[in-house]
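Beneath this line is the structure, given in structure tokens, with notes to follow.
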Number of protein chains: 2
Amino acid sequence: MDEIDRTILNLLRADGRTSYAELARRVGLTAPSVQDRVVKLEKNGVITGYRAVIDPETIGLGITALIGIIPDNSADHNEICERLRAIPQMESCYFLAGVECYQLKVRVPKMGDLERLIHRLGAIPGVAQTRTTITLSTKWEDRPQPVPGEEDPHGVD
Amino acid sequence: MDEIDRTILNLLRADGRTSYAELARRVGLTAPSVQDRVVKLEKNGVITGYRAVIDPETIGLGITALIGIIPDNSADHNEICERLRAIPQMESCYFLAGVECYQLKVRVPKMGDLERLIHRLGAIPGVAQTRTTITLSTKWEDRPQPVPGEEDPHGVD
DNA sequence: TTGTCCGGTCGATCTCGTCCACTCGTTGAG
DNA sequence: CTCAACGAGTGGACGAGATCGACCGGACAA
């Protein structure tokens with residue numbers, strides 16, 4: 001993981017379809033070397049995939065909401081987690097330090113879908129309460145911040 | 001935006017580097033036709049980009065936090081927004097219906113960075129209060145849900 | 001019918017991806 | 001010091017993919 005790897009990562013985060021040839025030109029290597037580095041980054045779990053980014057509104061997912069889950073004492077977190085995962089509208093799920101021990105980001109086409117979703121969440125065993133906040137607008141989302149360099153010279157690796 | 005377009009979108013969301021030739025095989029068209037459709041989807045703002053997905057921990061961004069912003073009465077939202085956008089660690093920013101009118105997702109290498117970030121947020125004019133929640137773990141994130149079909153036959157377009 | 005548009009196919013050409021053999025420094029053991 | 005082993009990069013070759021222009025056929029309206 002050197003400066004060249006970080007440059008490659010930044011380029012691929014900005015445009016995931018950049019060709020190896022183009023990456024090679026940018027970092028001053030040849031295509032096979034760059035491919036070699038990219039394959040290693042994938043094998044090492046640094047790059048976990050490539051995705052097309054789609055504007056949710058254009059595909060009919062106009063409503064985004066954030067939902068906090070407050071568990072009760074009997075909560076089995078493995079089960080809650082699996083039940084949440086089984087709902088395709090759950091785009092993100094964070095386990096938090098706090099009273100609301102999960103936060104979910106969901107997208108649905110219509111308010112009715114959101115209402116059904118909230119009822120479904122309430123029916124999960126171990127879920128005491130949910131708290132839903134509608135997003136009025138998404139200012140930005142998943143903006144890739146530059147890969148930080150080795151700021152700690154004491155051998156963090 | 002027909003069934004073929006939706007299939008292409010689903011394939012590109014699962015793997016953003018899928019070649020046109022491969023997409024063509026999957027949807028039963030030729031590569032030029034598929035390319036034509038993809039270009040149109042990009043032009044129409046459906047596909048807004050392509051990104052490599054990177055495991056934040058492997059690049060030294062081990063700490064993820066959610067921060068709510070509570071504004072005061074004098075808040076100039078355009079300015080707040082721009083000040084927030086200028087901070088590279090702010091990966092997402094939602095404008096919410098509620099007391100906390102923004103929610104931010106931030107990633108930093110160390111707790112000290114988070115502390116500095118929170119102080120910096122508190123110094124933004126119009127920000128009355130911040131509320132930070134540390135994520136203990138990310139169960140999943142930005143999972144692409146299937147592109148919904150035309151479930152409403154009354155002309156939603 | 002005829003012209004036109006839209007979406008798709010086909011074929012040619014150029015670029016890209018990928019494999020392999022080779023080179024060049026570096027490292028560590030004898 | 002010498003030499004072998006190793007990792008990283010280069011260059012060439014070949015097959016696959018991207019891309020462009022020309023052509024085809026169905027839908028539609030005049």
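Just so it is clear, the values below take in all heavy atoms, side chains as well, and ignore hydrogens, waters and symmetry mates. Bear in mind that the values here come from a model prediction, so they are computed numbers and not experimental data.
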Contact residues, residues 13-23 of chain A to DNA chain C [heavy atom, < 4.0 Å]: A/Ser19, A/Tyr20, A/Ala21
B/Arg26 atom CZ: more than 12 heavy-atom contacts under 6.0 Å: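 No, not enclosed.
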Within 6.0 angstrom of A/Arg131 CZ, more than 12 heavy atoms from elsewhere: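 For A/Arg131, atom CZ is not crowded (no more than 12 foreign heavy atoms under 6.0 Å).
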A/Phe95-A/Tyr102 aromatic ring centre distance below 6.0 Å: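 Centroid separation for A/Phe95 and A/Tyr102: below 6.0 Å.
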Using modelled atom types and a 3.5 Å cut-off, is there a donor and acceptor pairing between side-chain atoms of [X] and backbone atoms of [Y]?
| X | Y | answer |
| --- | --- | --- |
| B/Arg25 | B/Tyr20 | no |
| B/Thr48 | A/Val53 | yes |
| A/Arg51 | B/Tyr50 | no |

Carboxylate-amine/guanidinium contact [X] [Y], below 4.0 Å:
| X | Y | answer |
| --- | --- | --- |
| B/Arg37 | B/Asp2 | yes |
| A/Asp5 | A/Lys40 | no |
| A/Glu91 | A/Arg107 | yes |

Distance test, side-chain N/O of B/Arg25 to OP1/OP2 of D/dA16, below 4.0 Å: no
Derivation of the salt bridge (Lys or Arg N to Asp or Glu O under 4.0 Å) call for A/Lys105 and A/Glu141: CA-CA 12 Å; A/Lys105 186 179 77 188; A/Glu141 203 166 25; 3.2 Å; yes
Between protein and nucleic acid, restricted to nucleotides 8-12 of chain D and to nitrogen or oxygen atoms under 3.5 Å apart, what atom pairs and distances do you find?
{"from": "D/dA8", "atom 1": "OP2", "to": "A/Lys40", "atom 2": "NZ", "distance (Å)": "2.9"}
{"from": "D/dG9", "atom 1": "OP1", "to": "A/Arg37", "atom 2": "NE", "distance (Å)": "3.3"}
{"from": "D/dG9", "atom 1": "OP1", "to": "A/Arg37", "atom 2": "NH2", "distance (Å)": "2.5"}
{"from": "D/dT10", "atom 1": "OP2", "to": "A/Thr30", "atom 2": "N", "distance (Å)": "3.0"}
{"from": "D/dT10", "atom 1": "OP2", "to": "A/Thr30", "atom 2": "OG1", "distance (Å)": "3.0"}
{"from": "D/dT10", "atom 1": "OP2", "to": "A/Ser33", "atom 2": "OG", "distance (Å)": "3.1"}

Terminal contacting nucleotides, 5' and 3', DNA chain C versus chain B (heavy atom, 4.0 Å): C/dG7 to C/dC10
